[in-house]
Amino acid sequence: MRIGIEAQRIFRPKKHGMDIVALETIKALQRIDTQNEYFIFVKPDSDRQCLRQSNNFKIIEIPAYSYVDWEQWQLPKYVQKYQLDVLHCTSNTAPLKLNIPLVITLHDIIYLEQVSFKGTWYQNLGNLYRRWIVPKIAKKCEKIITVSEFEQKRMLELMGLPAEKVKVIYNAVSARFRVSRNEQLIEDIRIRYRLPENYIFFLGNQAPKKNMTHVLKAYGYYFQSQKKPMPLVIAETSPEQLESHLKALHLEHLQASISLTGYVNHKDLPLIYQLSSLFLYPSLRESFGIPIIEAMACGTPVITSNTSSMPEVAGGAAILVDPNKPEEIALKISDILSDPSKQAQLSALGLKRAQVFTWENTAQEVYNIYENIAWVNTPSETALDLK
């Protein structure tokens, strides 16, 4: 087979969820499949070292003026040039005009839902594009991959797709996420990111669904209830963004107890999880929630939401809360941090749960889809004889 994989953004230096999933899946496919030919289509950027070519994996850089130009005009030209048997688009959208079988990974369809949270103008523009293109692509592709049973159900409900068209393949956690005993490396990370001795950790990027407002309110309630509250460390938030949030909530007094790391390189995340006493992930809506199992793999107790995919992913190994109730989140923070036995129990449950999710398993299931499509679209000997 000649397999094309759209991985447009994996060379960008600051990677996030879908970029990580595409990159780790491709690396795992490299490990398990040395027979078929792969063509990985990317947009030129600075992090070329994150993926290396191998005998049967060729990286193709496609320049373009914009996301839409890259996807709708340039990518189809390269698909035709390399005479592919199948194209897998990994990040929610795909070219409308293709003459080969298409597989698409739809991580979520939040943009088709009526949600209470709104994003930046850039995020809203992206959602408009997805809202227009995804229903069209969903009808014409051979197979849709999604990342949780929750998301599969939403797709069947909102798009009226046949159940057999949507395959659930879970995301996973890299082997880098594990408990480390390297004291020098631990100290280096603590110094580099200016981490307190003990802290609560929150991945607070500016996507509204990450629930920054309620996390800060919850920390305020927790802070007020404690004689010696533990500091809060927030990743991927700027000082200006934090100041704006705290001012709007009248919680400026918390600023001295909150540390910001800025963007965290993915290779540094394991130790930041490990060094934290508790990981907060009370998101409003997730299709999967990779940070849940990343933190678990590092032995860190997790608080996450009782909504969307998060209970499915947590699998009974995290404390679940209503993400819209800051008082409830604060109470659970206090309960866990005041009870070492509960912390140890959650750590053990999380370590066991994280072992379920491997990129090799993910890649094998993705490969099975490619193989099945090739088999279905290859004329049988009987059909050839009839001609």
Side-chain angles (χ1 to χ4, degrees), residues 17 20-21 24-25 27-28 31-32 107 146-152 167-183 185-186 189 198-203 230 233 235 264 266-283 286-323 329 331-366:
I20 299 297
V21 172
E24 293 291 351
T25 302
K27 285 181 174 180
R31 294 192 290 271
I32 69 172
H107 293 266
T146 195
V147 295
S148 64
E149 292 179 7
F150 168 83
E151 205 62 43
Q152 180 195 47
K167 169 71 174 175
V168 175
I169 300 179
Y170 283 141
N171 291 327
V173 60
S174 167
R176 292 192 306 273
F177 290 84
R178 62 186 186 277
V179 178
S180 173
R181 308 297 180 193
N182 188 326
E183 294 299 329
L185 189 57
I186 289 171
I189 291 294
N198 300 293
Y199 58 91
I200 302 162
F201 184 43
F202 172 57
L203 272 173
M230 192 173 288
V233 170
V264 176
H266 201 243
K267 68 181 177 60
D268 295 336
L269 262 176
L271 285 176
I272 295 180
Y273 284 126
Q274 180 181 324
L275 290 169
S276 64
S277 300
L278 175 65
F279 177 57
L280 282 181
Y281 200 73
S283 181
E286 293 292 334
S287 58
F288 186 82
I290 290 178
I292 295 170
I293 53 173
E294 287 178 343
M296 288 179 174
C298 298
T300 304
V302 175
I303 290 177
T304 191
S305 298
N306 60 8
T307 62
S308 61
S309 64
M310 288 167 278
E312 178 184 344
V313 173
I319 298 297
L320 303 181
V321 295
D322 184 332
I329 300 170
L331 181 61
K332 296 302 181 182
I333 292 172
S334 297
D335 286 348
I336 294 170
L337 294 182
S338 64
D339 189 343
S341 64
K342 186 172 289 186
Q343 292 175 49
Q345 181 186 30
L346 285 170
S347 177
L349 289 171
L351 287 167
K352 184 176 180 181
R353 177 62 176 166
Q355 292 173 8
V356 173
F357 303 95
T358 71
W359 288 115
E360 279 72 20
N361 288 344
T362 299
Q364 184 61 57
E365 292 199 61
V366 170

Partners meeting ring pair (Phe, Tyr, Trp, His ring centres under 6.0 Å) with Phe150 (sequence neighbours left out): none
Minimum side-chain heavy-atom gap Val264-Ile272 below 4.5 Å: yes
Taking every non-hydrogen atom, the tightest pair across Pro311 and Leu320: CB-CD1, 3.9 Å
Nearest atoms (heavy-atom pairs only) where Ile293 meets Ala354: O-CB, 3.8 Å
Atom of Phe201, atom of Ala235 and distance for their closest heavy-atom approach: CE1-CB, 3.8 Å
N/O donor-acceptor pair under 3.5 Å between Ser308 side chain and Glu286 backbone: yes
Thr300 (side chain) donor-acceptor with Tyr273 (main chain) under 3.5 angstrom: yes
Considering all heavy atoms, the nearest Arg178-Cys298 contact: N-SG, 3.9 Å
Interatomic spacing from CD1 in Ile303 to CZ in Phe202 - rounded to 0.5 Å: 12.0 Å
Close side-chain approach of Ile319 and Val302, heavy atoms under 4.5 Å: no
Value rounded to 0.5 Å, distance of NE2 in His266 from CG in Leu269: 5.5 Å
Pairwise distance OG(Ser277) to CD1(Ile200) - rounded to 0.5 angstrom: 8.0 Å
Flag side-chain contact, heavy atom, 4.5 Å: Ser309 against Glu151: no
Side-chain (Arg353) to main-chain (Val313) donor-acceptor, under 3.5 angstrom: yes
Donor-acceptor contact below 3.5 Å, side chain Glu360 vs main chain Ala28: no
Approximate separation, where rounding is to 0.5 Å, of Asp335 CG and Gln343 CD: 11.0 Å
Ser305 side chain vs Thr307 backbone, donor-acceptor pair below 3.5 Å: no
Any Ile169 side-chain heavy atom under 4.5 Å of Val147 side chain: no
Nearest heavy atoms of Ala318 and Met296, plus distance in Å: CB-CE, 3.8 Å
Whether Tyr170 and Phe288 hold their rings parallel, tilted or perpendicular, with breakpoints at 30° and 60°: tilted
Ile186 side chain near Leu275 side chain, heavy-atom distance below 4.5 Å: yes
Under 3.5 Å: donor-acceptor pair, side chain of Thr25, backbone of Val21: yes
Ser287 (side chain) donor-acceptor with His107 (main chain) under 3.5 angstrom: yes
Check: Ser341/Asp339 side-chain N/O donor and acceptor closer than 3.5 Å: yes
Heavy-atom closest pair, residues Val321 and Pro282: CG2-CB, 4.3 Å
Distance (rounded to the nearest 0.5 Å) between Lys332 NZ and Leu280 CG: 13.5 Å
Pair Phe279 and Tyr199, ring centroids less than 6.0 Å apart: no
Backbone N/O of Pro301 and side chain of Ser347: donor-acceptor pair under 3.5 Å: no
Donor-acceptor under 3.5 Å (Thr358 side chain, Asn361 main chain): yes
Any donor-acceptor pair under 3.5 Å from Ser338 side chain to Ser334 backbone: yes
Evaluation steps, side chain to side chain contact (heavy atoms under 4.5 Å, CB included), between Ile333 and Leu278: CA-CA 8 Å; Ile333 292 172; Leu278 175 65; 4.0 Å; yes
Thr304 OG1 to Met310 CE distance, which is reported to the nearest 0.5 Å: 5.0 Å
